[in-house]
Amino acid sequence: MGGHEGFLQLCCTHLIDRCIKALPEWPRNGLPHEGRTTRGQDQEGSALNDRIDPRITRTVHAFEQAVVELASARPVSQITVAELADRAGVTRATFYNRYSTPLDPLIQVLYDDLERAHRREDELRAQGGHSARELLRIATAGVADHVERFMDVYRNSLADPADSGVYEALVRHFGEYTLAFLARAEPSGRPGADRKVIAQFMAHGFAGAIKAWLDDPSVTKDDLVDAAVACAPAWWTSGPAPDAASQQRRSS
């Protein structure tokens, strides 16, 4: 290769590299990543991408439907990318354009369904008239309804020692939920200990209660809700529920 051709190739490579770095980094899935984008930013980016090309929406839906079907039959840790892509009717390359492992689209489905339940709780909180204990019962019942909708997925995952991803995602969800509650609470009603430690304590307690429910057929959904509310600390269940307006006043 001559000097002129080598110089042109070097220029082209440099230009392509700069263009790639200038492109936005679309998330492979909707889960938050520390030091990167938040869940809300991920969803905004995904929504924008979906509006640009409707095929993305269809592809994501195909992956999510396929992974729920497969994970309802056996643990997600035993599902291969090739099998998932074949069930969704797309190529493996298309899968890797958005995800890393079959766990990614499954967690996205579970998170989205949990978020829909919590939006109902947020609506009731905004309306007012509900105590913190009542809202905790409503929220816990909503999570229990979610688990029932994906009962086979959770049972398969929790029964497989190699498949900890679904349980870890459940713990992470409850941890984020607890941190959000603490952020809304009045300063006088918040415990003085480290919030992250409190969130992990509560998260593993909630997730452990769900595991106990799934492991024991004699435990009903009502038993789960009653136990979760009974074990909640006083700073969570006493007094009126914190609302968005009070949170906004404290942050202003």
Side-chain angles (χ1 to χ4, degrees), residues 30-43 107 110-147 154 158 164-215 219 221-252:
L31 302 181
H33 297 271
E34 184 176 356
R36 292 178 59 188
T37 56
T38 64
R39 178 173 173 81
Q41 290 170 331
D42 283 349
Q43 289 177 329
I107 295 304
L110 300 179
Y111 258 60
D112 287 347
D113 193 69
L114 282 166
E115 287 301 318
R116 281 190 287 271
H118 287 316
R119 280 197 292 271
R120 172 58 179 162
E121 178 194 356
D122 290 339
E123 292 172 358
L124 293 175
R125 178 179 292 106
Q127 293 172 7
H130 295 276
S131 69
R133 177 177 289 272
E134 289 170 339
L135 283 178
L136 176 59
R137 176 172 290 277
I138 291 170
T140 306
V143 172
D145 290 340
H146 155 81
V147 173
Y154 279 105
L158 295 176
S164 61
V166 171
Y167 183 79
E168 290 173 355
L170 197 60
V171 170
R172 187 163 58 250
H173 168 80
F174 282 125
E176 294 169 356
Y177 177 76
T178 302
L179 287 172
F181 179 90
L182 290 171
R184 287 192 301 264
E186 294 289 348
S188 60
R190 288 198 299 255
D194 186 277
R195 292 190 192 182
K196 292 182 179 179
V197 176
I198 292 174
Q200 284 298 299
F201 181 86
M202 297 297 297
H204 282 275
F206 278 124
I210 289 176
K211 186 176 186 303
W213 171 40
L214 296 178
D215 287 343
V219 177
K221 182 168 65 174
D222 289 338
D223 292 335
L224 168 68
V225 175
D226 290 342
V229 175
C231 291
W235 52 261
W236 193 310
T237 58
S238 61
D243 55 27
S246 61
Q247 181 182 2
Q248 185 176 7
R249 287 194 301 270
R250 291 192 298 273
S251 61
S252 59

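Shortest non-hydrogen contact noted between Ala183 and Arg195 is CA-NH1, 4.0 Å. When all heavy atoms of Met202 and Pro233 are compared, the closest pair comes out as CE-CD, 3.6 Å. Residues Gly175 and Ala199 come closest through the heavy atom pair O-CB, 3.6 Å.
Rounded to the nearest 0.5 angstrom, His130 NE2 and Leu124 CG are separated by 4.5 Å. Put simply, CZ on Phe181 and CG on Leu136 are 8.0 Å apart, with the number rounded to the nearest 0.5 Å. Of the inter-residue distances, the one linking Asp112 atom CG with Ile107 atom CD1 reads 11.0 Å to the nearest 0.5 angstrom. Rounded to the nearest 0.5 angstrom, Leu179 CG and Phe174 CZ are separated by 13.5 Å. Glu168 contributes atom CD, which lies 9.0 Å from atom NE2 of His204 (distance to the nearest 0.5 angstrom). Interatomic distance, CG of Leu170 versus CG of Leu114, reported as 7.0 Å (0.5 Å rounding).
Between Arg125 and Glu121, at least one side-chain nitrogen of the basic residue sits less than 4.0 Å from a carboxylate oxygen of the acidic one, meeting the salt-bridge criterion. Under a 4.0 Å N-O distance rule, the pair Arg119/Asp122 does not qualify as a salt bridge. Comment: Glu123 engages Arg120 in a salt bridge, judged by a side-chain N to carboxylate O separation of less than 4.0 angstrom.
The aromatic rings of Phe206 and Trp236 sit perpendicular to each other, their planes meeting at more than 60°, with 30° as the lower class boundary.
For the pair Tyr154/Leu110, a side-chain contact is recorded, criterion being any heavy-atom separation below 4.5 Å from C-beta on. A 4.5 Å side-chain heavy-atom check between Gln200 and Val171 finds at least one atom pair inside the cut-off. Contact of the Trp213 side chain with the Val225 side chain is not registered, since no non-hydrogen atoms from C-beta on lie closer than 4.5 Å.
When the shell of 6.0 Å around NZ of Lys221 is examined, it contains more than 12 heavy atoms from other residues, nucleotides or ligands.
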Q) Checking side-chain contact (heavy atoms from CB on, under 4.5 Å) for the pair Leu224/Ile210: CA distance, chi angles, key distance, verdict? A) CA-CA 7 Å; Leu224 168 68; Ile210 289 176; 4.3 Å; yes
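You'll find the ring centres of His146 and His173 outside the 6.0 Å limit.
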